[in-house]
Amino acid sequence: MEVKMQEIIKLIVLHMQGDLSETQQKELDRWLNANPRNRDFFHQVTSREKAKEKFLIKEHINSEKAFRQFSSNIRPARIRYIRKISIYAAILILPVLLSIFILIRQHEGTSRSASTETPITPGKTKAILTLAQGETIELSADRSPASLPSGLHLKGQENELIYNPSDSPKQDIQYHELATPRGGEYKITLPDGTFVHLNAGTKLKFPTRFDTSKREIFLSGEAYFEVAKDNARPFYVITDIAKIKVHGTAFNVNTLLNHQTQTTLIQGSVGIFVQGDKQEHMLKPSQQAEIDNTTKTISIREVDASSYIAWKNGVFQFDDERLESIMDKLALWYDVNVFYQNDAAKDIRFTGYLKRYDDINIILNAIETTVSASFRIKEKTIIIN
Amino acid sequence: MQNDEQFIEALNNKNVSAYHTLFKDYYVSLVMYAMHYVGQEEAKDIVQDLIVSIWEKNIQFSSIGSFRTFLYTAIKNRSINYLKHKKAESNYISHALHQGSAEEQELYGIMEEEIYRIFFHVVDNLPQRCQEIFKLHLEGKKEEEIASLLQISISTVKSQKQKAFHRLKDELGELLSIIFFI
């Protein structure tokens with residue numbers, strides 16, 4: 001998408017200049033034919049009326065004047081103030097200056113800035129593995145447990161948990177549970193080779209050896225799945241509300257939303273069953289199924305699937321999303337509480353791309369800059385005004 | 001691109017002349033982009049406020065692409081929030097927000113401003129006479145019309161147009177390192 005848009009802009013500019021090569025013309029035609037709205041946009045943007053209008057409006061927008069206004073806006077008031085009084089009473093004023101300086105320092109100390117020390121950190125690689133007998137093992141990227149049950153090992157810098165394919169089919173089927181806390185994430189490869197990435201506040205229960213007829217795992221929370229292909233044994237993800245039948249594929253399931261259970265398909269195909277219902281609802285790539293947790297109704301829509309799995313690539317991607325929903329995600333990842341001094345702020349919408357491993361101050365600053373909300377951090381609570 | 005990197009670094013360091021460049025190269029297009037949502041005067045205020053807040057909050061950018069994406073996205077967010085706070089114009093909001101897919105409209109809006117930003121940048125850096133001719137050309141005027149309008153010969157129109165085109169070509173490579181995440 002990014003590269004393409006840049007290319008189209010270039011082609012349109014060259015066209016307006018009357019300087020398109022034959023191949024470029026073909027490329028432009030392909031884009032124009034792809035969507036009637038592309039053609040409408042093209043005709044409108046290249047029309048002589050548009051060019052006239054643009055140059056006319058430009059006459060009324062003075063960037064030099066705007067820059068001068070900017071220059072006077074950014075000169076901090078206190079510096080001007082200090083300079084002025086120092087001319088009149090430089091000697092007398094020195095102690096005053098010192099105290100002003102101290103006051104300013106103290107004042108700055110109470111406001112939030114990127115350098116402010118907070119106990120808030122982004123989520124880390126950590127989880128707790130519970131074995132069949134209830135024994136628990138703490139897992140994290142920086143610390144390897146003393147011992148792991150046979151058939152399990154850790155891999156790579158992030159200590160990804162790997163279940164070896166079971167050698168003895170006679171072995172009993174035992175269930176293990178991997179749980180990430182708030183502010184945690186973890187990656188695991190199941191005995192059949194299926195890869196699962198658990199987001200914060202998520203539980204995954206799975207057998208140490210899959211049955212010969214089907215593969216079933218249990219999920220609450222949010223996880224991204226890349227299911228290993230095995231036509232003989234269908235793969236099921238079971239949540240409180242839904243059962244997702246997988247036909248070899250990559251997808252994201254989220255049960256952490258307020259009222260819905262959401263399944264987003266990246267590639268392949270999955271079928272969704274509302275618990276207690278026999279009807280299978282098929283999803284195609286880039287479709288999303290939302291089941292209302294109370295009414296148990298299912299709705300399927302087309303989405304930009306990549307934005308729903310951005311989290312697994314270390315990115316928060318918000319697309320005209322409500323601040324309340326954004327803050328819910330931040331709270332889970334940074335393990336903080338959120339307090340609204342003004343409920344109207346919940347409905348503010350924000351679009352943007354932020355890095356999940358950044359300091360919380362960087363994230364909040366970015367949101368603050370583009371919308372009219374202000375944040376304050378007190379201990380482990382974010383206060384929104 | 002070397003220049004882009006230097007520009008971003010200077011912006012990150014709160015270099016005033018980098019901000020001057022920001023105004024020269026982007027201000028007009030950003031105001032026009034905001035005008036997709038609000039009136040011209042509000043648009044100017046929204047852009048000014050945004051740039052001041054970039055300075056005050058010491059926002060750091062990692063690349064020219066993310067810088068541009070940030071500007072357009074922030075202008076959109078601020079414009080929409082402005083409209084939402086202005087109840088009187090609620091009819092206009094629902095109109096503005098429900099015309100086609102919002103995402104698609106946004107994409108076309110950014111493309112339009114980026115296309116004209118390139119032209120503005122080129123035109124601003126041309127000699128007076130050459131500027132005049134290039135503008136008339138973009139407005140769809142034929143060479144003969146331009147010649148009679150400016151009372152110059154057709155061959156002068158031709159050579160001035162060529163000059164503008166060459167400049168445009170040089171600039172295109174530089175100006176198009178855009179990354180959009182929409």
Side-chain angles (χ1 to χ4, degrees), chain A residues 1-3 5-10 12-14 16-19 35 37-38 40-41 44-52 54-55 57-58 60-64 66-71 73-74 113-114 304 317 319-320 347-353 362 365-373, chain B residues 16 19-20 23-24 27-28 31-32 35 40 44 47-48 50-60 65-66 69-70 73-74 76-78 80-81 84-85 100 102-104 107-108 110-112 114-116 118-120 123 135 138-141 165 168-169 172 176-182:
Chain A
M1 167 83 87
E2 302 89 63
V3 179
M5 179 153 166
Q6 184 173 319
E7 194 53 37
I8 299 303
I9 290 174
K10 185 172 165 181
I12 295 176
V13 169
L14 287 173
M16 290 174 75
Q17 190 196 309
D19 204 13
N35 182 339
R37 281 187 299 278
N38 285 350
D40 290 347
F41 166 74
Q44 180 242 337
V45 84
T46 58
S47 67
R48 56 169 75 190
E49 290 75 27
K50 179 60 87 177
K52 257 190 207 159
K54 285 283 174 191
F55 279 99
I57 297 174
K58 182 174 180 286
H60 296 279
I61 306 175
N62 185 337
S63 58
E64 284 303 318
F67 176 69
R68 285 194 298 276
Q69 191 191 340
F70 167 81
S71 307
N73 275 339
I74 58 165
S113 79
D304 171 14
Q317 188 176 335
D319 186 14
D320 202 25
D347 291 319
I348 290 174
R349 285 176 184 270
F350 173 77
T351 297
Y353 225 72
I362 295 178
N365 272 338
I367 298 177
E368 225 172 29
T369 311
T370 65
V371 305
S372 53
Chain B
V16 175
Y19 274 81
H20 196 182
F23 272 91
K24 273 198 288 207
Y27 179 75
V28 171
V31 171
M32 287 187 182
M35 285 169 65
Q40 186 167 314
K44 286 178 182 171
V47 176
Q48 179 75 239
L50 172 70
I51 300 176
V52 168
S53 105
I54 291 174
W55 171 279
E56 281 177 349
K57 297 219 155 85
N58 200 4
I59 304 283
Q60 302 288 302
S66 62
T69 308
F70 173 87
T73 309
K76 186 201 102 188
N77 285 335
R78 283 173 174 248
I80 288 179
N81 283 327
K84 283 186 177 160
H85 282 122
E103 198 175 308
E104 203 175 69
L107 212 66
Y108 289 138
I110 296 175
M111 284 174 78
E112 176 177 322
E114 281 291 305
I115 287 167
Y116 279 95
I118 292 166
F119 287 126
F120 292 156
V123 164
K135 272 193 229 173
L138 286 178
E139 288 168 13
K141 294 261 190 315
F165 288 0
L168 187 59
K169 259 196 172 154
L172 269 182
L176 279 167
S177 48
I178 305 161
I179 301 166
F180 287 100
F181 297 108
I182 299 289

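Since the structure is predicted, the reported quantities are computational estimates derived from the model, not experimental observations. Chain A is the first sequence line, chain B the second, and so forth, proteins listed ahead of strands; every chain is numbered from 1.
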* Asked: Of all heavy-atom pairs between B:T73 and A:T351, which one has the smallest distance, and what is that distance?
  ->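 Closest pair (atom of B:T73, atom of A:T351, distance): CG2-O, 3.0 Å.
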
* Can you name the nearest heavy-atom pair linking A:A66 to B:Y27, along with the distance? -> CB-CZ, 3.3 Å

* List the steps and the verdict of side chain to side chain donor-acceptor pair (under 3.5 Å) for A:N38 and B:Y108. => CA-CA 8 Å; A:N38 285 350; B:Y108 289 138; 2.5 Å; yes

* Heavy-atom distances under 4.5 Å only: say whether A:E49 touches chain B with side chain, backbone, both or neither. =>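 Looking at A:E49, nothing touches chain B.
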
* Measure A:I57 against the heavy atoms of chain B and call it side chain, backbone, both or neither at under 4.5 Å. => both

* Asked: What distance do A:K50 atom NZ and B:E112 atom CD have between them, rounded to the nearest 0.5 Å?
  ->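 CD of B:E112 is found 3.5 Å from NZ of A:K50.
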
* To do: Determine whether B:R78 and A:T369 make a side-chain contact, defined as any pair of heavy atoms from C-beta on separated by less than 4.5 Å.
  => yes

* Is the closest side-chain heavy-atom distance between A:F350 and B:N81 below 4.5 Å? -> no

* On the 0 to 90° scale, with breaks at 30° and 60°, tag the B:F120-A:F55 ring pair as parallel, tilted or perpendicular. =>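 Perpendicular.
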
* Asked: Is the B:F23 ring parallel, tilted or perpendicular to the A:F70 ring (thresholds 30°, 60°)?
  -> tilted

Just so I understand: if I count every heavy-atom pair under 4.5 Å between each of [options] and chain A, which residue has the most?
{"options": "B:K24, B:Q48, B:M32", "answer": "B:Q48"}
{"options": "B:E56, B:K44, B:Q60", "answer": "B:K44"}
{"options": "B:V28, B:N58, B:N77, B:V123", "answer": "B:N77"}
{"options": "B:I54, B:I51, B:L50", "answer": "B:I51"}

* Asked: Relative to chain A, which segment of B:F70 carries a heavy atom at a distance below 4.5 Å: side chain, backbone, both, or neither?
  ->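 For B:F70, the contact with chain A is made by the side chain alone.
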
* To do: Pick whichever of A:K54, A:R48, A:K52 has the most heavy-atom pairs under 4.5 Å with chain B.
  =>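 Option with the greatest count: A:K54.
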
* To do: Evaluate side chain to side chain contact (heavy atoms under 4.5 Å, CB included) for A:M16 paired with B:I115, printing each intermediate quantity in order.
  => CA-CA 10 Å; A:M16 290 174 75; B:I115 287 167; 4.0 Å; yes

